[in-house]
Novice: 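Encoded as structure tokens, here's the structure I'll be asking about.
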Amino acid sequence: MPPVIHVDHLCHRYGNRYIYKDLNFSISPGKIYGLLGKNGVGKTTLIKILMGFLRPVSGTCKVFNEPSHALTPDARARIGLLFEGHVAYEFLSICQIEKFYAPFYPDWDTGIYYRMVDKLNLRPNHLIRQMSCGQRSQVVLGLLMAQQPELLLLDDYSIGLDAGYRRLFLDEMREYSGQGNRTVFLTSHVIQDMEDFVDEVIFLERGGRLMVTSLEQFKNSFTCFRLPVSTNNDTPGISQSITREQMLSACPMLKNIEIHHDHWDLFTFSSGRKLADALNHINMPGNLLEPVDLSLEDAFIGYTGRY
Ligand SMILES: Nc1ncnc2c1ncn2[C@@H]1O[C@H](COP(=O)(O)OP(=O)(O)OP(=O)(O)O)[C@@H](O)[C@H]1O
């Protein structure tokens with residue numbers, strides 16, 4: 001099956017500052033993809049390119065095999081967009097906004113829209129700008145679901161939502177993605193939401209390095225091991241005189257190290273055995289490594305670093 005999104009040698013810059021020089025990835029239909037990366041790496045920029053708000057400086061970004069900045073109306077009608085959690089046209093009421101959106105989408109289903117917004121128990125002429133953030137997200141859900149899009153692009157759907165509304169949103173998305181070959185591509189700063197939700201994660205790092213992997217594969221292969229720090233050189237552990245940079249350059253299989261006062265957390269894609277051997281080889285106490293359980297958020301911070 002052809003990819004839903006195909007990004008090839010994508011380059012973008014603001015002024016003379018490059019955000020990415022050579023970004024490449026593909027998105028297959030029928031899966032939920034979560035784009036993860038630290039603040040400022042270029043997630044929103046990528047979403048803006050995918051949504052056609054920005055034209056890439058060079059390279060291609062195709063959605064349904066058409067350049068994202070020049071999509072035909074037919075291709076547009078297959079895509080549901082949510083940008084930074086916002087619903088546009090807040091001056092409209094619940095029923096007015098439905099009438100406004102409907103003609104743009106050939107598969108529009110008014111019943112789906114009202115199934116979502118009826119949960120709010122508000123009058124149809126209630127204005128969107130007079131709603132709470134969570135209530136608005138219910139209208140957003142109704143507008144997105146009624147389009148019955150094949151691809152949903154969601155930028156920061158969780159802005160301002162409490163845990164209950166976030167859960168509601170994700171439940172609807174899960175139901176949506178379970179029907180046919182529907183694809184979701186989302187960003188969120190709430191990593192724990194992604195843990196039970198996404199199939200694939202796309203890690204974007206500063207400078208445009210990118211890793212696409214299944215969530216399961218990432219959680220199975222990216223691990224953390226704890227090494228105690230030797231206090232006053234009389235307890236077993238890593239010597240206090242060694243720096244993080246020395247350790248990283250002596251042991252290339254380490255992706256990252258977090259230093260705490262009494263221990264180091266070592267993040268790696270290697271097995272405990274291989275890491276222990278590598279540490280022993282450079283006269284570090286590899287035999288003291290202890291595996292650490294990681295949530296997706298821990299793994300994300302371990303992978304990308306804190307700052
Ligand atoms: N219009 C613009 N002009 C100049 N620089 C910009 C513009 N928009 C974004 N940037 C810069 O590009 C970089 C990437 O921004 P972007 O908003 O894509 O990051 P992000 O990964 O979405 O960040 P966050 O997680 O904080 O939302 C940032 O350093 C930002 O300051």
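All ligand and atom numbering here is 1-based and tracks the order in the structure.
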Novice: Which residues pass the side chain to side chain donor-acceptor pair (under 3.5 Å) test with Asn287, sequence neighbours left out?
Specialist: none
Novice: Within the 4.0 Å heavy-atom shell around Gly40, which atoms of ligand 1 are there?
Specialist: 13 (C), 14 (C), 19 (O), 20 (P), 21 (O), 23 (O), 24 (P), 25 (O), 26 (O), 28 (C), 29 (O)
Novice: So for ligand 1, is Gly42 a polar contact partner (N or O within less than 3.5 Å, distance only)?
Specialist: yes
Novice: Using a 4.0 Å cut-off to any heavy atom of Lys43, which atoms of ligand 1 qualify?
Specialist: 18 (O), 19 (O), 20 (P), 21 (O), 22 (O), 23 (O), 24 (P), 25 (O)
Novice: Mind checking whether Lys48 has a heavy atom under 4.0 Å from ligand 1?
Specialist: no
Novice: Verify whether one side chain among Glu98 and Thr110 offers a donor that lies under 3.5 Å from an acceptor in the other.
Specialist: yes
Novice: Taking distance alone, with no angle check, do Val41 and ligand 1 share an N/O pair under 3.5 Å?
Specialist: yes
Novice: Do you see a donor-acceptor pair shorter than 3.5 Å between the side chains of His6 and Asn65?
Specialist: no
Novice: Identify, for atom 6 (C) of ligand 1, the protein heavy atom at the shortest distance, and state residue, atom and that distance.
Specialist: Tyr14 CD1, 3.3 Å
Novice: In the protein, which heavy atom is nearest to atom 18 (O) of ligand 1, and how far is it?
Specialist: Thr45 OG1, 2.5 Å
Novice: Please work out which of Leu54, Asn39, Ile19 has its closest non-hydrogen atom nearest to atom 24 (P) of ligand 1.
Specialist: Asn39
Novice: Which protein non-hydrogen atom lies closest to atom 30 (C) of ligand 1, naming both residue and atom, and how far is it?
Specialist: Arg17 NH1, 4.3 Å
Novice: Looking at Asp277 and Lys274, is there a salt bridge between them, counting it only when a charged N and a carboxylate O are closer than 4.0 Å?
Specialist: no
Novice: Any non-hydrogen side-chain atom of Val4 less than 4.5 Å from a side-chain atom of Phe185?
Specialist: no
Novice: Looking at Thr45, Thr187, Val41, which hits side-chain contact (heavy atoms from CB on, under 4.5 Å) with Leu204?
Specialist: Val41
Novice: Flag the pair Tyr101 / Tyr113 as yes when their ring centroid distance falls below 6.0 Å, and as no otherwise.
Specialist: no
Novice: Within ligand 1, which atoms have a heavy atom of Thr44 less than 4.0 Å away?
Specialist: 17 (O), 18 (O), 20 (P), 22 (O), 27 (O)
